[in-house]
Protein chains: 2
Amino acid sequence: MSSKSVTLKDVAAAANVSRATAARALNGYGYVGKEAAERVRVAAGKLGYRGNRIAQALRQGELPLIAFVPGDILNPFFSQIAHDLETELRAYQSNLIIASNQEDVELEQQVLTNILALNVKGIIVAPASNEKTPQLSKLIEDKYPLVVIDRVPEGLLCDNITVNNQQGAEEAVEFLIEHGHRRIAVIHDDSRIASTRDRLAGYRLALKNRSISFDETLVVESKSTISHAIDATIRLFHQENKPTAIFTTDSLMTKGALLALRTLGVKIPHEVSIIGFDDFDMATFSDPQITVLSQPVDKIGPLAIKMIMERIAGSQAPVKSIQFPTQLIVRGSVLNI
Amino acid sequence: MSSKSVTLKDVAAAANVSRATAARALNGYGYVGKEAAERVRVAAGKLGYRGNRIAQALRQGELPLIAFVPGDILNPFFSQIAHDLETELRAYQSNLIIASNQEDVELEQQVLTNILALNVKGIIVAPASNEKTPQLSKLIEDKYPLVVIDRVPEGLLCDNITVNNQQGAEEAVEFLIEHGHRRIAVIHDDSRIASTRDRLAGYRLALKNRSISFDETLVVESKSTISHAIDATIRLFHQENKPTAIFTTDSLMTKGALLALRTLGVKIPHEVSIIGFDDFDMATFSDPQITVLSQPVDKIGPLAIKMIMERIAGSQAPVKSIQFPTQLIVRGSVLNI
DNA sequence: GTGAAAGCGCTAACAG
DNA sequence: CTGTTAGCGCTTTCAC
């Protein structure tokens with residue numbers, strides 16, 4: 001690793017100046033003689049000097065690193081956000097560390113500990129639990145730059161970005177009810193996740209508004225993967241009490257449900273109607289196209305960076321809580337019954 | 001940031017020992033008195049000592065960080081790999097930095113420079129260019145732990161993992177030809193990407209084998225996103241010379257083509273047959289299901305970690321080049337003509 | 001068994 | 001304008 005060992009000292013020696021001068025020339029601060037600066041630049045170029053951010057960080061306290069802790073990077077919702085974070089961070093010369101919590105509170109703990117030891121500048125997290133974990137609380141107490149997205153644990157006071165999960169879900173289910181549906185199933189992932197909990201609350205609220213009794217046999221839990229959702233859907237349709245409509249709480253589960261229905265030979269929308277939370281790439285491919293509740297995914301990443309950079313810059317402003325509206329996109333997967 | 005300032009010195013003071021002893025107790029090496037060790041551990045716990053990997057790294061030369069430079073994390077192919085890398089790295093207490101090159105050589109340069117300054121332990125990259133870039137060559141010269149995946153620039157001698165792009169593409173196109181197709185379109189992304197170049201070579205080879213002349217009006221370039229592929233497909237079908245079959249060189253473009261064909265009202269497989277490179281989540285949803293050439297995506301991440309960890313451990317073994325076979329999964333999107 | 005001390009590569013206050 | 005100097009927090013000989 002020859003080039004790794006090119007240090008500021010080497011450059012300074014080659015340019016015949018002190019390390020301080022070399023540093024000033026390279027980083028462009030303070031007074032440096034034109035000629036000396038030039039010599040330094042040439043020497044640095046020739047030696048292939050790359051600098052060492054670790055040493056810099058040790059002095060300055062932190063690395064140009066932001067951590068992102070999503071539920072699972074495989075979920076298109078999170079990979080879109082990761083992509084946007086990455087893009088935005090380029091402007092700040094910072095890099096993105098990604099460490100999924102796999103919707104597991106234990107793992108989230110580990111992951112956070114790991115990340116904190118790196119002295120990252122800030123953390124953007126989609127917490128696995130809907131309860132305050134000691135870890136997260138500690139971060140807030142310490143005023144660590146932190147932005148929570150997608151879901152906010154009960155009582156956690158920090159900058160956060162969410163969508164209107166409950167009202168959105170309510171609207172979606174209402175829409176099904178207006179089309180005459182009464183036996184509406186919901187396929188959801190772990191209800192310890194705050195966003196899921198809220199979406200389920202919206203589901204129950206819609207039923208309640210219309211005095212439809214809650215039937216727990218129509219509520220099936222899955223993991224947020226296509227294959228788990230396929231299994232969940234098959235389970236749902238293997239029981240006596242079949243639904244006339246399905247509401248899925250995220251796009252991976254919508255895809256799973258769709259795939260399962262196809263295998264089961266259940267026709268959409270004639271035999272079952274469906275609405276999914278979160279739009280997805282192939283929603284307009286099927287015939288009929290799938291009705292969804294879309295969320296403005298592309299707004300989340302850029303806003304998260306804006307918020308965290310403000311905190312990193314030292315903002316003491318009161319906690320910001322941004323909630324985006326969801327939007328029902330009516331396509332053809334819901335039929336009057 | 002109170003807790004951030006808990007340093008080894010603080011712990012040592014609280015435990016009434018020297019920093020050296022505290023370090024020994026905490027990291028479990030060298031001789032430490034049982035009782036002293038206990039005092040240190042208690043103090044560390046009480047103060048919430050987290051350690052500082054930056055300082056550690058400065059001494060030891062590197063951070064427990066591996067960088068992944070994919071084409072674009074939005075592509076499911078890469079997000080699957082990212083997910084697997086992350087999972088594997090947990091066993092090594094290392095974190096993953098993700099910085100996409102967006103299939104842009106310039107950007108890749110920047111990104112690599114950025115990452116190298118962090119003294120990461122190793123880099124896993126899907127190079128944007130099919131030519132050796134000076135950056136990458138330099139890394140190899142310096143024996144920097146490096147694993148190239150998905151595509152190998154011409155003449156780059158380093159550990160790499162690919163799939164049999166050319167032969168796979170050839171097989172797919174042969175399959176179309178066997179079904180009587182002669183006007184076979186290909187929708188591909190930037191041919192400067194080595195894997196794309198090889199897939200195109202396979203396409204041309206298949207035509208040549210069967211003495212079908214190459215028709216450049218059937219070759220359309222897109223970017224690897226759904227929306228660009230939609231446009232490309234529409235362009236393709238707006239010209240005189242329409243294809244009877246389409247071969248797409250990655251899954252995002254397959255999805256785009258599918259969506260476009262639906263909009264255009266072109267029926268699969270009766271009006272056009274299609275085969276896509278890389279399997280995808282909704283391939284079995286449509287009727288007919290989509291025939292694809294699948295690659296063993298889930299093998300790539302774990303193997304890449306294995307390879308890079310060997311290099312990090314200092315292996316001087318000769319360069320390894322692993323090529324996985326692709327597999328034609330025949331479903332229903334190709335019809336005899 | 002434990003402490004003192006040197007130093008990883010860099011920056012920044014201070015003195016010229 | 002430039003050099004000297006003192007660390008950032010940690011590990012690791014080397015003495016005791």
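Rounded to a whole Å, the CG atom of Leu47(A) is 15 Å from the C1' atom of dG9(C). Rounded to whole Å, the distance from CG on Leu8(B) to P on dT12(D) is 12 Å.
Residue Thr21(B) has a polar side-chain atom (N or O) positioned under 4.0 Å from OP1 or OP2 of dG3(C). Proximity of Tyr49(A) to the phosphate of dC10(C): a side-chain N or O atom is located under 4.0 Å from OP1 or OP2. Thr7(A) has no side-chain polar atom (N or O) that falls below the 4.0 Å cut-off from OP1 or OP2 of dC8(C). OP1 or OP2 of dT11(C) lies within a sub-4.0 Å distance of a side-chain N or O belonging to Asn27(A). Not one side-chain nitrogen or oxygen of Gln56(A) sits closer than 4.0 Å to the OP1 or OP2 atom of dC10(C).
Picking from dC8(D), dT11(C), dT2(C) the nucleotide with the shortest atom distance to the side chain of Val32(B) gives dT2(C). Of all nucleotides listed (dA12(C), dT2(D), dT12(D)), dT2(D) comes nearest to the side chain of Tyr31(A). Candidate nucleotides dT12(D), dG9(C), dG3(D) were compared by shortest atom distance to the side chain of Asn52(A), and dG9(C) ranks first. Among the nucleotides dC8(D), dT12(D), dA6(C), the one closest to any side-chain atom of Arg19(B) is dA6(C).
Toward the 5' end of DNA chain C, the nearer of the two residues Ala55(B) and Val17(B), judged by each one's closest nucleotide, is Val17(B). Position along DNA chain C of the nearest nucleotide to Gln60(B) versus Ala20(B) favours Ala20(B) as the more 5'-ward residue.
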*asked:* If you apply the rule side-chain hydrogen bond (donor to acceptor under 3.5 Å, both in side chains), what do you find for Glu108(B) with Thr133(B), and how did you get there?
replied: CA-CA 10 Å; Glu108(B) 183 172 293; Thr133(B) 57; 4.5 Å; no
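Looking at every heavy atom in both residues, Asn101(A) comes nearest to Gly71(A) through OD1-CA, 3.2 Å.
In this model, a side-chain donor or acceptor of Arg24(A) finds a partner on the base of dG3(D) within 3.5 Å.
Environment of CZ in Arg192(A): sparse, with no more than 12 heavy atoms of neighbouring residues, nucleotides or ligands closer than 6.0 Å. The local environment of CD in Glu131(A) is sparse, with at most 12 non-hydrogen atoms from other residues, nucleotides or ligands closer than 6.0 Å.
A donor-acceptor contact shorter than 3.5 Å links the side chain of Asp159(B) to the backbone of Lys320(B).
Within the 4.0 angstrom heavy-atom criterion, no nucleotide atom of any strand lies near Ala57(B).
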